[in-house]
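Everything on this sheet refers to the single structure shown next.
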Number of protein chains: 2
Amino acid sequence: MAKTNPAFMSGVPELVVLRLLASKEMYGYELVAAIKVVSAEAISLAEGVIYSSLHSLESKGMLRCRQIQSAGRTRYYYRATAKGKKRLQELLNEWDRVSGGINAIIGDSYA
Amino acid sequence: MAKTNPAFMSGVPELVVLRLLASKEMYGYELVAAIKVVSAEAISLAEGVIYSSLHSLESKGMLRCRQIQSAGRTRYYYRATAKGKKRLQELLNEWDRVSGGINAIIGDSYA
DNA sequence: GAATATACATATTAGTTATAGGTATGACAA
DNA sequence: TTGTCATACCTATAACTAATATGTATATTC
């Protein structure tokens, strides 16, 4: 059976996670808040989405994780690996291409 | 059971279809080609996606359809209704909001 | 008369993401 | 000291969209 391609606008949570973790090491809970803040509330991804995404990306070698104890509490800090940054670049290219296409359609009166 | 919200970047095919049919009456096959052309091949939605979308939007009163005979062949021309245009406006707002949020994250070094 | 382009249709599959749970600690207030 | 709230993590399931496969039929072109 031929494998179905992902929906053409999906993968955005992956893009967002990789983008932020390429710049700054963060732990999950912090990342959830950062997405809201940086996007000015435009994007809100629940913890469930982010934690699954982090585990999945780590298992694919896109992220590396280290445990840090802080005030008796354990935090798992993630950052993008070289592989993750390469994947990020692909996703950024995809985003440019597709969002450009959508903007072209939106802008075009086709009159 | 609580209804799940659609994925935050979904609804783009709907946006594209409504946008084009708000400007110009078209039949399905023509629409499929128009999407490719106007987006410079960045977006390619298969016939299956477009025809289902057309039927679904029509059933919701977002599109109106009329049958036209052309060279012994039947074509179903669609255009956006007032309701469809209202929905389009919502989707355009959503697109601006969400794509803006993504661009903010992409652009922000968070350094 | 065979192949290709046009034109429409829909059921199924696949994949992502949303949601709904769950555990556990620290801080602060009543 | 008890209760509540914020922090911090985790996972299984549900829901939804869109991709794919597949089908019909006519017109055109070679």
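Just so it is clear, the model here is predicted, and its values are computed rather than measured.
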Send over the distance from [X] [atom1] to [N] [atom2], rounded to a whole Å.
X       : N      : atom1 : atom2 : answer
B:Tyr51 : D:dA25 : OH    : P     : 16 Å
B:Leu15 : D:dT17 : CG    : C1'   : 15 Å
B:Gln69 : D:dT26 : CD    : C1'   : 12 Å
B:Ile50 : C:dT10 : CD1   : P     : 15 Å
A:Glu58 : D:dC9  : CD    : C1'   : 13 Å
B:Leu45 : D:dA21 : CG    : C1'   : 17 Å
B:Glu14 : D:dA18 : CD    : C1'   : 12 Å
B:Leu57 : C:dA9  : CG    : C1'   : 16 Å

- Message: From the set D:dA19, D:dT17, D:dT7, return the single nucleotide nearest to any side-chain atom of A:Tyr29.
- Response: D:dT7
- Query: Considering only side-chain heavy atoms of A:Ser52, which listed nucleotide, C:dA18, D:dT11, D:dC10, is closest?
  - Reply: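 The answer is D:dT11, which lies nearest to the side chain.
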Give one of base, sugar-phosphate or nothing for [X], where a contact means two heavy atoms less than 4.0 Å apart.
X       : result
A:Val12 : sugar-phosphate
A:Gly48 : base
A:Ser53 : nothing
A:Ala46 : base

Contact list (N/O, under 3.5 angstrom) for nucleotides 22-24 of chain C vs protein:
none

- Which value, rounded to the nearest 0.5 Å, describes the distance between B:Leu15 atom CG and A:Ile106 atom CD1? 5.0 Å
- Message: Return the CG to NZ distance between B:Leu88 and B:Lys83, rounded to the nearest 0.5 Å.
- Response: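 With rounding to 0.5 Å, CG (B:Leu88) is 14.5 Å from NZ (B:Lys83).
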- Considering just the side-chain nitrogens and oxygens of A:Asn5, establish if one lies under 4.0 Å of OP1 or OP2 belonging to C:dA14. no
- Item | Closest-nucleotide 5' rank along DNA chain C - winner of A:Val49 and B:Val49 |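 The residue mapped nearer the 5' terminus is B:Val49.
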- Message: When you compare the side chains of A:Gln67 and A:Thr74, does any donor N or O come within less than 3.5 Å of an acceptor on the partner?
- Response: no
